[in-house]
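Each remark here refers to the structure printed beneath this line.
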Amino acid sequence: MKLSVIIVNYNVSAFLEQALVSALKAMRGIDGEIFVVDNHSVDNSVEMVRTKFPQVKLIDNQENVGFAKANNQAIRISSGEYVLLLNPDTVVEEDTFEKCIRFMDETPDCGGLGVKMVDGQGRFLPESKRGIPYPKASFYKLFGLSKLFPKSKKFGSYHATYIGEDETHEVEVLAGAFMMLRKSVLDEVGLLDEDYFMYGEDIDLSYRILKGGYKNYYFPQTRIIHYKGESTKKGSLNYVYIFYNAMQIFARKHFSANNAKIFNVAIDAAIWFRAALAALKRILGKLALPLLDFALIFAGLLALSKYWDHNVLYQRNSSFPDFYFSLILPSYALLWVVSVWLNGGYRKPVNRSLLNRGIVVGAVVILLIYALLPETMRFSRAVVVIGAAWSLIAVNALRYLLARWGVIDVTNRSRNQRIAIVGGEEECARILHLVQSMNTPREFVGLVTTEHSDNPHPLTVGQIVDLPELVDIYQINEVIFSGRDIPADQIIDWMNRLQDRQLDYKIAPEDSLSLIGSNSIFTTEDLYTIPIQSIYQKKHRRQKRCFDVLSALLLLLFLVVDIWFVEDKGQFVKNIFDVLCGRKSWVGVRHDGQSEQSLLPGVLHPIDAYPDGHFSPEMVARTEELYARNYNVYNDLSILLRGFRKLGNR
C-alpha cells in the first residue's frame, strides 16, 4: 500500500466532513487508506464518519488522549509506504497526494514533506516552513526581529522567511497540519513523542528526522487550505504559555543543560514583553478611535466657526471671543465623543446605528445646554446644527475608510454580509436553500455559475470568469463556493486573485448541511430569513432625504474647497440647490418601476461608484435593482464619495 492518511479529530464534525471529502478525491487512483482517530468528541463526529464515510477506518477513543498519542495509534496499524498526518480543518487539492508521493519517490533522502498552506482567505501561512526553535531563533521571532529582517537567514530562521513561498527547499521543521512521512524513517527515529499533548510534537519529530540523517522538504507545488491557521490567536498570552511549556520539553530533550537554561530565560523575557505589548495594544485600541473622532469633529467645528466668524458675524460687526475657539469648541467635540461612548458607539464591531444615535443625542444635549445659557453665552446655534451634520458625516466616513482598509470591523460588514454563491446551477440552488435556512443575517446577491446556460436560473448574475467585476458591481463581501463543482485548487486561485478585496469565503461541501469558512461553521439548526430593505419604504425615503439635505449643506459650506474636485463646476452648484429644494437626490436609479411613488432623479447612480468600470446594460439594471431593494443610507455615502468627481452630472 502506498499511502496512509491519518486525521485526528476533536469536536469539529463539519470541518472533518469537508476534509474527508477532499482527501477521498485526492486519493483517487492511489492505493491507500484513511484513518480517523476521534478523541472522544461530544458532537456527531463519530456518527457522521460511520454514516457518510464507511470506507474510512475509525478509531473511537473514549477519552482525549492528545494529538501525538492519537496519531501513534493509527500509525502503528497503518500499512502505507508513506504516512500523512492531516488536520481535520484542512482542504487538500485533488492532485496533492499524487504530487507529494511522486516527489518523495524521486527524493530518497526525504524523510518528511510539508506543503504550501493558505488560510481561509487565501493568505499564505508562514508556519508552512519553519526552522528549529533554537534559543536565538526563538528570541528573534518573539521580539519581532524576524519581521524587521525577513530575508535574513539569521533573523528569519524561525519561519524560514528567507526561503520564497514558491521555492521547493530543504527546511528544518514541518507543520503538523500536513506532514507526509516515510514509514521506514518513522521505524528508525520513532513515532511522535507522547510527552507533548498540544504543540511541539511536530517540531520534535522533524528534529529527530534530521538527526537520523534524512531531510525535510517544503514543497509548494501543491497547496492546502488550513482554516485554523488563521483563527489561532498566536499573539495571545494563552498561546505563548502553552507553547512555552511545549518548548521547555523540547529544550530539555534536545539542548544541553546550559542552552536549555538560556532558552527558558529568553522565553520568560518574551512572555513579559508580549504581556506589556498586549496591555499597550488594548489601551491604544480603546483610545485611538475616540481620539480620532475628537480631532475630526473639532477640526470641522473650528473650520466652520472661522468661516462663520469671518463671513457672517463680521458683517454684523461681531465676532466669537477667543475662549470660544479654545474652550467652547473642544467642549462640543468632547460632548459628542462622550455621547457616542455612552450610546455604545465604540463597541466592537462598530455598530453604525449606535454611533449615529450618539451623535444625535450629543447634539440634543448641546442644544439644551445652549438654551439654558445666558444670552451673552449663546454664540451660534447654526454652528451646533451644522456641526452635528458634519459630525455625522465625518465619523461615518472615517468608519467607512477604516473598514475598507481592514483596520476595524463594522456591523454592516460582519453581520450583514452580501453573498454570492459560485458553482453549477443545480448545486447553487441547493446551497441557496441552505443559506436561507440559517439564522445569520445575509443579503443574497445572486448565483455565479461555472458555465454559460441558454436558460439561466432567474437569480443568476454572471459567470465565474467575471467574478472580480461582479464582486465590485454588487458590493459582494462573502463568496460561497460549491465544493462539488469547483476543485480546491481553483478555489485557492480565486481567493488569491480576490485577496485585495477583503472578502469572506466559505465552502459548501457536497451533500453537506454545513458551510465551512475561516473561523466559522454555519449549519441549518436555526431559522433564517433574508432582510429586504426597500428604498420605497417611508422610513428609508426619510433617511435618504435627510442625507441629501445634510450632505448638500456640507458641500455648500465647503464649496470653496470641494468645487475643485468636481468636473462640471457650474452644474455642481446647481445640483446642490436642486437637492436642497427637493428637485433631485444625490443618488437615484434610472428606471425604478414604481410609478406611484417614483424616486427623485439622481445626480449619481449606483454604477457611478465604479467610475473606471465598463458594464453591460444588464449589469447596470441589476445593480440599480439591488440598490433599491437593499437600501442603506451608507450606500449613498459610499457612492457619493467614490463618484465625487461626477457630482456635476446633468
Side-chain angles (χ1 to χ4, degrees), residues 296-297 299-301 303-316 336 356 359-360 362-364 366-367 380-397 400 535-590 592 594 597-606 608-609 624 627-628 631-650:
L296 204 56
I297 294 171
L301 290 173
L304 173 63
S305 299
K306 291 286 187 182
Y307 176 87
W308 202 263
D309 195 37
H310 290 110
N311 294 276
V312 178
L313 297 183
Y314 181 77
Q315 302 296 328
R316 304 172 184 172
W336 263 308
N356 293 334
I359 295 294
V360 172
V364 171
I366 291 172
L367 288 172
S380 175
R381 189 184 296 108
V383 169
V384 177
V385 174
I386 301 175
W390 159 256
S391 299
L392 274 172
I393 295 173
V395 298
N396 279 284
Y400 171 80
I535 197 172
Y536 301 103
Q537 294 176 5
K538 289 183 178 180
K539 66 174 183 178
H540 293 131
R541 290 168 71 90
R542 285 196 300 268
Q543 290 174 2
K544 185 171 180 62
R545 182 60 186 150
C546 287
F547 171 80
D548 283 342
V549 172
L550 290 173
S551 53
L553 287 172
L554 190 63
L555 290 170
L556 184 62
L557 180 65
F558 293 98
L559 185 62
V560 293
V561 176
D562 52 46
I563 196 171
W564 300 104
F565 296 94
V566 180
E567 292 172 353
D568 189 333
K569 297 174 175 52
Q571 185 63 38
F572 172 52
V573 176
K574 184 177 184 301
N575 285 342
I576 290 177
F577 286 101
D578 283 343
V579 170
L580 286 173
C581 295
R583 292 190 290 267
K584 288 184 180 179
S585 173
W586 285 123
V587 183
V589 295
R590 292 174 174 83
D592 60 31
Q594 301 280 333
Q597 45 180 350
S598 294
L599 303 175
L600 293 172
V603 176
L604 300 175
H605 300 93
D608 289 323
E624 295 191 347
Y627 167 81
Y631 178 72
N632 189 306
V633 71
Y634 304 106
N635 291 339
D636 278 3
L637 175 61
S638 173
I639 294 167
L640 187 148
L641 292 174
R642 299 174 80 173
F644 200 90
R645 296 187 65 83
K646 295 185 177 182
L647 289 181
N649 283 354
R650 294 182 182 274

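Positions are given from 1, in the same order as the sequence printed here. Computed from a predicted model, the values in this text were never measured in an experiment.
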| Asp309 and Val312: CA distance, side-chain angles, deciding distance, side chain to side chain contact (heavy atoms under 4.5 Å, CB included) verdict | CA-CA 6 Å; Asp309 195 37; Val312 178; over 6 Å; no
How far apart are the closest heavy atoms of [X] and [Y], and which atoms are they?
X	Y	value
Ser638	Tyr400	OG-OH, 3.2 Å
Ile359	Ala388	CG2-O, 3.9 Å
Leu550	Ala389	CD2-CB, 3.4 Å
Phe558	Ala303	CE2-CB, 4.2 Å
Leu641	Ala397	CD1-CB, 4.4 Å
Ala552	Val579	CB-CG1, 4.0 Å

pair [X]-[Y]: side-chain heavy atoms closer than 4.5 Å:
X	Y	answer
Leu600	Lys584	no
Lys544	Val587	yes
Val603	Phe572	no

Distance check, rounded to the nearest 0.5 Å: [X] atom [atom1] versus [Y] atom [atom2]?
X	Y	atom1	atom2	value
Asp548	Leu640	CG	CG	9.0 Å
Ser305	Ile386	OG	CD1	10.0 Å
Trp586	Leu637	CH2	CG	13.0 Å
Trp390	Leu553	CH2	CG	14.0 Å
Leu392	Ile297	CG	CD1	9.0 Å
Gln543	Asp636	CD	CG	10.0 Å

| query | Take atom CZ in Arg583; do more than 12 heavy atoms of anything else shown fall under 6.0 Å from it? | reply | yes
| task | Report yes or no: do Gln315 and Asn311 form a side-chain donor-acceptor pair below 3.5 Å? | result | no
| field | Ile576 and Leu559: CA distance, side-chain angles, deciding distance, side chain to side chain contact (heavy atoms under 4.5 Å, CB included) verdict | value | CA-CA 10 Å; Ile576 290 177; Leu559 185 62; 4.1 Å; yes
| field | Partner residues of Leu604 under the side chain to side chain contact (heavy atoms under 4.5 Å, CB included) criterion, sequence neighbours left out | value | Asp608, Ile639, Lys646, Leu647, Asn649
| request: Check for a donor-acceptor pair, side chain of Ser380 on one end and backbone N or O of Val383 on the other, with a separation under 3.5 Å. | output: yes
